[in-house]
Amino acid sequence: MEFGKNAHGFLAAHKEKHGDVFTVLIAGKYMTFIMNPLLYPYVIKHQKQLDFHEFSDQVAPLTFGYPPVRSGKFPGMEEHIQRSFRLLQGDNLNNLTESMMGNLMFVFRQDYLTGESEWRTESVYQLCNSIMFEATFLTLFGKPAHTSRHNGMVTLREDFVKFDTMFPLLIARIPISLLGGTKAIRDKLINYFHPQRMSPWSNTSGFIKERAALFEQYDSMRDVDKAAHHFATLWASVGNTVPATFWAMYYLVTHPEALAVVREEIHGVLQVSGIETDHNRDIAFTREQLDSLLYLESSINESLRLSSASMNIRVAQEDFSLRLEGERSIGVRKGDIVSLYPQSMHMDPGIYKNPEIYKFDRYIENGKEKTDFYKDGQKLKYYRMSFGSGSTKCPGRYFAVNEIKQFLSLLLLYFDVEVLEGQEPCTLDPSRAGLGILLPASDVQIRYRLR
Ligand code: HEM
């Protein structure tokens, strides 16, 4: 319970008392925490003995409502699912980025780029959620036949938020039957992806098309199971991205000096390409243009550093001795968990000077991305781990950072944005500690108007 209330504080106190490697019995499981980031590579390289998917294949089916992939009922499916991740990266990212650009522009134009240039008020989370949720949905799953927007998007989003509130309890394996109306809400969300409902959708991403085709190959897979898999993908694609977008925007609008530099950088990229900005004209950034936005990228990475609290969980596949540096090793038993908690690294003053402070250009040095960070005089191989580590590192990470860049670029080009006066600074809500990007404890009011 102590861990659940304040994981970061709990681990820091234990590190103080027991050193940088210690084992805790949490909810019946022995969990060994490796707290020194210089030791992370020793854990990450043991991918066979320390497996991520054993844990995720126990927890994800209970959370999202599909049968375990490793149950033996679906031979070959796990490998195919892993292979589908390539469709989120490399050259495939070009199509996704282009499609996301169009969808963001579309949602901005429908709901925000309207009316005169008077000031309007809005809350930051509400703004990020409504735009990013719909644009990401359209990009991955496509649009309905004969119309550009899905019916019931607002209800879908509201149901998603209700489900997401229960997400930490589901991951903690609390039976869904004990969580009030959560089962009914999850059934409704899953139903949105019923194969018959999805079949007329167009502009669907290659990633979702390939997965839908894969599920069709298994007679033992019911339609509701296929739909539940798609629902899990929806969670993976927006569950962290929306709060990450919130923090990226929040820190920029509360740091006018950072916002000015980032806005100038975005204008500069468009000017070089001879593109004029006015709110009647649609804007599209190429992937190369997005890649060149160094200050924007650094500001996003800095907000990820401050808001991410994902725990890297690995299950030992056999009894073995985990070699750490030098002669040091620790005994791990089959079924035990070895865990990294990168938030401790992100907030380590020995690595990041004044770690509580938002420094938008922390990841830039001499006009280039800064990649050398040190602890105790040694260069760190891993210094920012918002997206996990090793071969199970989030496959959507490039897409996620690109879409946040696209969202912020459009926002800053089209609008003046200011925080309303008299508001308390936003703090992190710890209830999702260990599970990804933390939500804000409260929302923030801004005013915005067309530039
Ligand atoms: C897995 C973070 C956005 C798809 C993960 C993991 C983390 C993570 C921490 C677990 C990795 C591990 O423990 O090694 C994030 C964050 C995001 C984000 C912080 C946004 C800021 C996305 C997006 C997509 C996506 C946009 C899809 C379009 C996935 C998938 C997995 C995953 C499919 C499971 C990988 C596997 O089973 O091997 N993500 N993610 N994520 N993410 Fe993301």
Side-chain angles (χ1 to χ4, degrees), residues 40 43-44 47 50-61 63-64 66 68-70 77-89 92-93 95-97 99-100 128 132-133 135-141 171 204-208 210-211 229-249 297 300-315 337-343 346 382 384-408 432-439:
Y40 285 5
V43 175
I44 292 168
Q47 276 161 23
L50 293 172
D51 178 73
F52 165 70
H53 287 111
E54 175 171 337
F55 173 75
S56 62
D57 199 43
Q58 284 167 10
V59 171
T63 305
F64 298 108
Y66 56 74
V69 173
R70 289 181 163 190
M77 183 184 280
E78 189 179 4
E79 295 72 23
H80 271 103
I81 287 184
Q82 289 298 314
R83 246 177 282 146
S84 72
F85 294 156
R86 77 189 189 291
L87 294 169
L88 294 170
Q89 301 172 7
N92 295 299
L93 191 59
N95 287 344
L96 274 180
T97 302
S99 169
M100 184 70 192
C128 296
M132 290 297 270
F133 188 95
T136 307
F137 188 101
L138 289 168
T139 303
L140 290 179
F141 295 97
I171 291 282
T204 306
S205 65
F207 176 60
I208 294 298
E210 183 165 304
R211 290 165 73 95
H229 269 278
H230 290 309
F231 167 54
T233 302
L234 173 71
W235 191 90
S237 65
V238 291
N240 281 312
T241 310
V242 170
T245 309
F246 167 87
W247 289 111
M249 175 172 169
E297 181 149 335
I300 294 170
N301 285 333
E302 174 69 342
S303 59
L304 285 172
R305 179 185 71 79
L306 285 164
S307 61
S308 68
S310 61
M311 180 151 69
N312 287 216
I313 290 184
R314 302 288 181 263
V315 183
I337 290 175
V338 175
S339 183
L340 310 179
Y341 202 77
Q343 191 186 14
H346 294 157
Y382 301 95
R384 198 181 54 244
M385 279 176 43
S386 321
F387 291 104
S389 59
S391 62
T392 59
K393 204 168 177 185
C394 171
R397 60 194 182 279
Y398 303 110
F399 176 58
V401 171
N402 267 3
E403 53 177 344
I404 299 173
K405 278 185 172 175
Q406 290 169 315
F407 169 85
L408 290 173
R432 265 166 63 154
L435 301 176
I437 306 294
L438 299 180
L439 298 172

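Remember, it's 1-based here, ligands and their atoms both numbered in the order they're listed. All values below come from the heavy atoms of this structure, side chains included, with hydrogens, waters and symmetry mates left out. Since the structure is predicted, the reported quantities are computational estimates derived from the model, not experimental observations.
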Mind checking whether E403 has a heavy atom under 4.0 Å from ligand 1?
-> yes
Check: V338 main-chain N/O paired with R314 side-chain donor or acceptor under 3.5 Å | no
Does at least one non-hydrogen atom of S386 fall below 4.0 angstrom from an atom of ligand 1?
-> yes
T233 and F207: CA distance, side-chain angles, deciding distance, side chain to side chain contact (heavy atoms under 4.5 Å, CB included) verdict | CA-CA 10 Å; T233 302; F207 176 60; 3.7 Å; yes
If you measure from each heavy atom of R314 to ligand 1, is any distance below 4.0 Å?
-> yes
L138 versus F133: any side-chain heavy-atom pair under 4.5 Å?
-> no
Indicate yes or no for a side-chain donor-acceptor contact from Q406 to the backbone of T97 under 3.5 Å, with no hydrogens or angles considered.
-> yes
F85 to ligand 1, any heavy atom closer than 4.0 Å | yes
Between the main-chain N or O of M385 and the side-chain N or O of H346, is there a donor-acceptor pair closer than 3.5 Å?
-> yes
Protein heavy-atom partner closest to atom 13 (O) of ligand 1 - residue, atom, separation in Å = F52 CE1, 3.5 Å
Is Q82 near ligand 1, meaning one of its heavy atoms is under 4.0 Å from it?
-> yes
Select one of side chain, backbone, both or neither to describe which atoms of E78 lie under 4.0 Å from any atom of ligand 1, heavy atoms only.
-> neither
Does some non-hydrogen atom of S389 fall short of 4.0 Å from ligand 1?
-> yes
What protein heavy atom sits nearest atom 11 (C) of ligand 1, and how far off is it?
-> T392 O, 3.1 Å
Which is it for F399 and T241 under the side chain to side chain contact (heavy atoms under 4.5 Å, CB included) test, yes or no, and what are the steps along the way?
-> CA-CA 10 Å; F399 176 58; T241 310; over 6 Å; no
Measure up the F141 and F137 rings against each other and bin them: parallel (under 30°), tilted (30 to 60°), perpendicular (over 60°).
-> tilted
Short N or O distance, H53 and ligand 1, threshold 3.5 Å exclusive | yes
Can you list the ligand 1 atoms lying under 4.0 Å from a non-hydrogen atom of T241?
-> 3 (C), 20 (C), 26 (C)
Are any side-chain N or O atoms of T63 and backbone N or O atoms of V59, one a donor and one an acceptor, separated by less than 3.5 Å?
-> yes
Can you sort out which atoms of ligand 1 are near A244, meaning under 4.0 Å from one of its heavy atoms?
-> 21 (C)
Could you pull out the N/O/S protein atoms under 2.8 Å of atom 43 (Fe) of ligand 1, ignoring any water?
-> C394 SG
W247 side chain vs L438 backbone, donor-acceptor pair below 3.5 Å | yes
Where does I437 meet ligand 1, judged by heavy-atom distances below 4.0 Å: at the side chain, the backbone, both, or neither?
-> side chain
Should the pair H229 and Y66 be assigned to parallel (<30°), tilted (30 to 60°) or perpendicular (>60°) ring geometry?
-> parallel
Determine yes or no for a side-chain-to-main-chain donor-acceptor pair under 3.5 angstrom, with D57 supplying the side chain and R70 the backbone.
-> yes
Quick one: does N92's side chain have a donor or acceptor within less than 3.5 Å of a partner on R86's backbone?
-> yes
